[in-house]
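Heads up: the structure comes next, in structure tokens.
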Amino acid sequence: MRKNVRRILGAVLAGAMILGTMAACGAEEVANSDSAAVESSVEGSVETAGVTYPLDTDETLTIAMINDKPVAAVSKDITATPFAKAWQEYTGVTIEFVICEDNNAMNLLFADGNLPDIVIWTPYSAYAGGPQAAIEDGIISPITREELEQYAPDYVAVLDNGHPDLNRTYKTDDGVYIGFGQIPASKEMRSASGMLVRGDWLDEWGMEVPDTIEELEAYLTKSLEVEGMQTPFQSSHLLAPAEYGYWTSPFGLVAAALYQVDGQVHCGYAEPEYKDFIMWARSLVEKGLMDTSFTYLENTVYGDGTAVWHASIGSGIGTYMAYAEDPTSGLGENWHVRPMPSLKGEDGVARAGYAFYSKPAGGRIAWLTPQCDNRELALQFLNYGYTEAGKMLFNFCVEGESYFYDENGDARYTDWITHNPDGLSMQYAMAQYNRAAVGGGPMVQTDEYARNYFWRPEQQEANKIWPDNMGEEYTMPEFTVDPADAAEYARLAADIKTYMEESRVKFVTGEYTADDFEAVYIPTLKDMGLDRYLEIIQEACDRFYAR
């Protein structure tokens with residue numbers, strides 16, 4: 001198991017830049033939970049195909065996981081939360097939690113060699129070499145299809161009835177399974193972030209939400225006239241419009257980040273169309289519409305500090321509007337935000353390649369370690385999050401405390417969640433009672449959860465507008481680099497990413513000219529090994545689609 005401790009320790013430094021370094025994170029709809037049908041399911045015995053909960057066992061499972069900030073703000077860690085208590089009660093399994101404060105601490109736990117039964121973490125993005133390397137290092141114990149069918153039938157049903165990439169994502173190239181994933185129920189669940197504009201200003205100026213370059217520039221130009229305005233657009237967030245593709249469609253570019261077309265990998269930062277985009281960004285600076293101080297202060301969105309920025313539906317829009325609704329905020333009753341759609345190309349199509357949950361599977365994965373002595377129990381325990389009762393636990397938790405059923409039989413969060421008496425944001429309050437909003441893990445994020453979390457009109461509007469993208473077509477899969485190429489890939493990814501970021505700044509500030517794109521920028525990328533970098537990724541993607 002400890003044959004490669006040096007590589008494991010290396011993950012402390014390299015883990016964050018190994019897989020999909022310049023690709024953003026993210027199913028066809030899987031079966032949604034029927035709230036009325038599971039109303040009493042967590043109160044007694046729950047029987048699924050071959051598994052009955054609570055499980056009849058006196059054994060304890062140890063689980064290692066990261067200490068999430070919204071959880072720790074109230075309960076120190078998950079151990080003391082109502083969710084943790086309910087998870088053990090409903091499954092019948094006693095859990096001993098091993099809490100790691102951050103990714104470095106998790107990697108050090110692996111290097112120590114004294115592993116828990118289960119780990120809930122992000123091996124694709126945070127473990128050097130990804131899941132395949134973790135298997136070879138004795139950190140992940142792969143699971144066979146036969147084991148899942150026998151002991152985790154509900155998880156198998158979710159995998160088999162969703163997007164084809166679900167099964168591929170949680171498999172290795174050898175056809176064994178990594179573990180249990182966090183699976184969004186629908187595309188709307190995977191597109192929960194985007195660009196925002198000031199709705200009150202649009203109303204005052206008689207303007208519509210911009211969806212073309214011309215309309216965006218008109219809005220930014222008008223914003224300059226607002227007294228006290230620092231900058232209409234803060235350039236520290238140029239990364240979001242470019243990498244996620246929100247503003248690149250008018251230039252014929254899917255996104256600046258990695259994307260694929262019919263399985264062929266592209267790096268938007270090296271595509272010819274990126275030159276047109278980045279020079280347009282430079283023109284915004286020249287017109288005084290974009291700031292180049294590369295600073296961002298959250299509170300500027302509340303005053304006259306910025307006119308367009310990137311945020312999420314939940315912790316972004318929800319937090320902004322909750323603050324605006326507080327009479328002591330001084331913002332006034334008209335202050336509100338509006339979601340901005342991705343800019344359209346000349347053909348009227350917005351090709352935004354990414355969104356917050358653009359991939360059919362994402363987030364943390366729960367896996368077994370080689371030191372798990374009771375695989376049958378662990379698999380049955382992890383299966384619970386994909387049962388109807390388990391979906392209610394992970395998305396709503398305890399009836400009468402965190403949720404109730406309304407007159408129509410629909411699950412609704414209680415006032416303790418939506419209007420917390422201690423002033424907790426909705427996300428922080430939910431973090432005590434479920435894993436859908438914070439933390440994730442072996443579960444399905446249901447549409448019912450989203451409808452409750454995104455209850456404000458501004459959030460509902462965003463949940464309709466932002467999913468209107470082509471992420472299904474263009475988004476990169478969760479590829480796994482061949483361990484033999486991992487060190488080379490890590491070096492190339494780090495060097496190329498750094499140069500692209502530095503060059504982005506030089507282009508928008510004028511240090512690089514348009515001519516430098518072909519004369520300096522692209523040749524430098526080539527000399528740094530861009531072709532080899534893309535070749536490694538292409539080979540990994542080819543293996544992914546062959547699974």
Side-chain angles (χ1 to χ4, degrees), residues 192-244 246-247 250 280-343 356 423 425-427 454 456-462 465-466 504-505 508-510:
S193 72
M195 304 304 295
L196 292 176
V197 295
R198 288 281 296 272
D200 52 327
W201 289 353
L202 292 175
D203 292 343
E204 179 182 347
W205 302 334
M207 301 177 72
E208 299 294 328
V209 176
D211 66 359
T212 67
I213 283 181
E214 294 75 19
E215 291 175 354
L216 174 60
E217 290 200 27
Y219 167 70
L220 293 175
T221 300
K222 184 69 175 179
S223 300
L224 280 176
E225 302 172 6
V226 176
E227 184 177 356
M229 168 66 68
Q230 294 176 352
T231 172
F233 175 59
Q234 296 176 343
S235 55
S236 61
H237 280 270
L238 181 61
L239 187 68
E243 291 220 340
Y244 294 163
Y246 298 138
W247 292 359
W280 169 70
R282 169 61 187 162
S283 74
L284 295 183
V285 175
E286 293 173 341
K287 296 173 183 177
L289 302 179
M290 187 169 79
D291 176 57
T292 58
S293 64
F294 301 100
T295 58
Y296 175 72
L297 299 176
E298 183 69 23
N299 61 6
T300 62
V301 306
Y302 295 119
D304 298 331
T306 190
V308 57
W309 67 100
H310 182 251
S312 66
I313 296 180
S315 60
I317 297 177
T319 299
Y320 302 142
M321 294 311 303
Y323 180 74
E325 292 160 5
D326 184 345
T328 64
S329 70
L331 295 181
E333 60 181 14
N334 294 326
W335 194 99
H336 66 283
V337 298
R338 292 284 303 276
M340 177 181 168
S342 297
L343 296 181
F356 192 71
S425 69
M426 193 170 176
Q427 182 190 40
F454 308 149
R456 288 183 167 86
E458 295 84 1
Q459 293 173 301
Q460 293 172 357
E461 182 182 13
I465 289 175
W466 286 343
R504 183 174 63 234
V505 175
V508 299
T509 58

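Counting begins at 1 with the first residue of the sequence.
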Side-chain donor-acceptor contacts of residues 203-213 below 3.5 Å, not counting sequence neighbours, with atom names and distances?
unit_1	atom_1	unit_2	atom_2	d
Asp211	OD2	Lys344	NZ	2.5
Thr212	OG1	Glu215	N	3.2

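Summarising the geometry, atom OG1 belonging to Thr306 is positioned 7.5 Å from atom CZ belonging to Phe233; distances are rounded to the nearest 0.5 Å. Atom CD of Glu286 sits about 11.0 Å away from atom OG1 of Thr509, to the nearest 0.5 Å. With values rounded to the nearest 0.5 angstrom, Gln459 atom CD is found 9.0 Å from Met321 atom CE. The structure places CG of Leu216 at 9.0 Å from OG1 of Thr221, a figure rounded to the nearest 0.5 Å. In this structure, Leu289 CG and Ser283 OG are separated by 8.0 Å, a value rounded to the nearest 0.5 Å. Rounded to the nearest 0.5 Å, atoms CG (Leu202) and CZ (Arg338) are 6.5 Å apart.
Under the 30°/60° scheme for interplanar angles, the aromatic rings of Trp201 and Tyr219 are found to be tilted. The aromatic rings of Tyr320 and Tyr302 stand perpendicular to each other, their planes meeting at an angle above 60°, with 30° marking the opposite boundary.
Partners of Asp326 by side chain to side chain donor-acceptor pair (under 3.5 Å), not counting sequence neighbours, listed by chain and number: Thr328.
When all heavy atoms of Leu196 and Pro339 are compared, the closest pair comes out as CD2-CA, 3.9 Å. When all heavy atoms are compared, the tightest approach of Tyr246 to Ala240 is CD1-O, 3.5 Å. Minimum interatomic distance between Ala324 and Trp335 (heavy atoms only, all atoms of both residues): CB-CE3, 3.5 Å. The two residues Met195 and Pro241 come nearest to each other via the heavy atoms CE-CG, 3.8 Å. Considering all non-hydrogen atoms of both residues, Gly316 and Ala311 come closest at CA-CB, 4.2 Å.
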What's the verdict on side chain to side chain contact (heavy atoms under 4.5 Å, CB included) for Thr319 and Gln427, showing C-alpha distance, side-chain angles and the deciding distance?
-> CA-CA 9 Å; Thr319 299; Gln427 182 190 40; over 6 Å; no
Should Val308 and Met340 be marked as a side chain to side chain contact (heavy atoms under 4.5 Å, CB included) after you check the CA-CA gap, both sets of side-chain angles, and the distance that decides it?
-> CA-CA 9 Å; Val308 57; Met340 177 181 168; 4.2 Å; yes
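At least one donor-acceptor pair under 3.5 Å links the side chain of Ser329 to the backbone N or O of Tyr323. No side-chain donor-acceptor contact under 3.5 Å links Arg198 to the backbone of His336.
Proximity of Arg456 to Ile317: side-chain heavy atoms (C-beta onward) are nowhere separated by under 4.5 Å. Annotation: side chain of His310 is not in contact with side chain of Leu239 (no heavy-atom distance under 4.5 Å).
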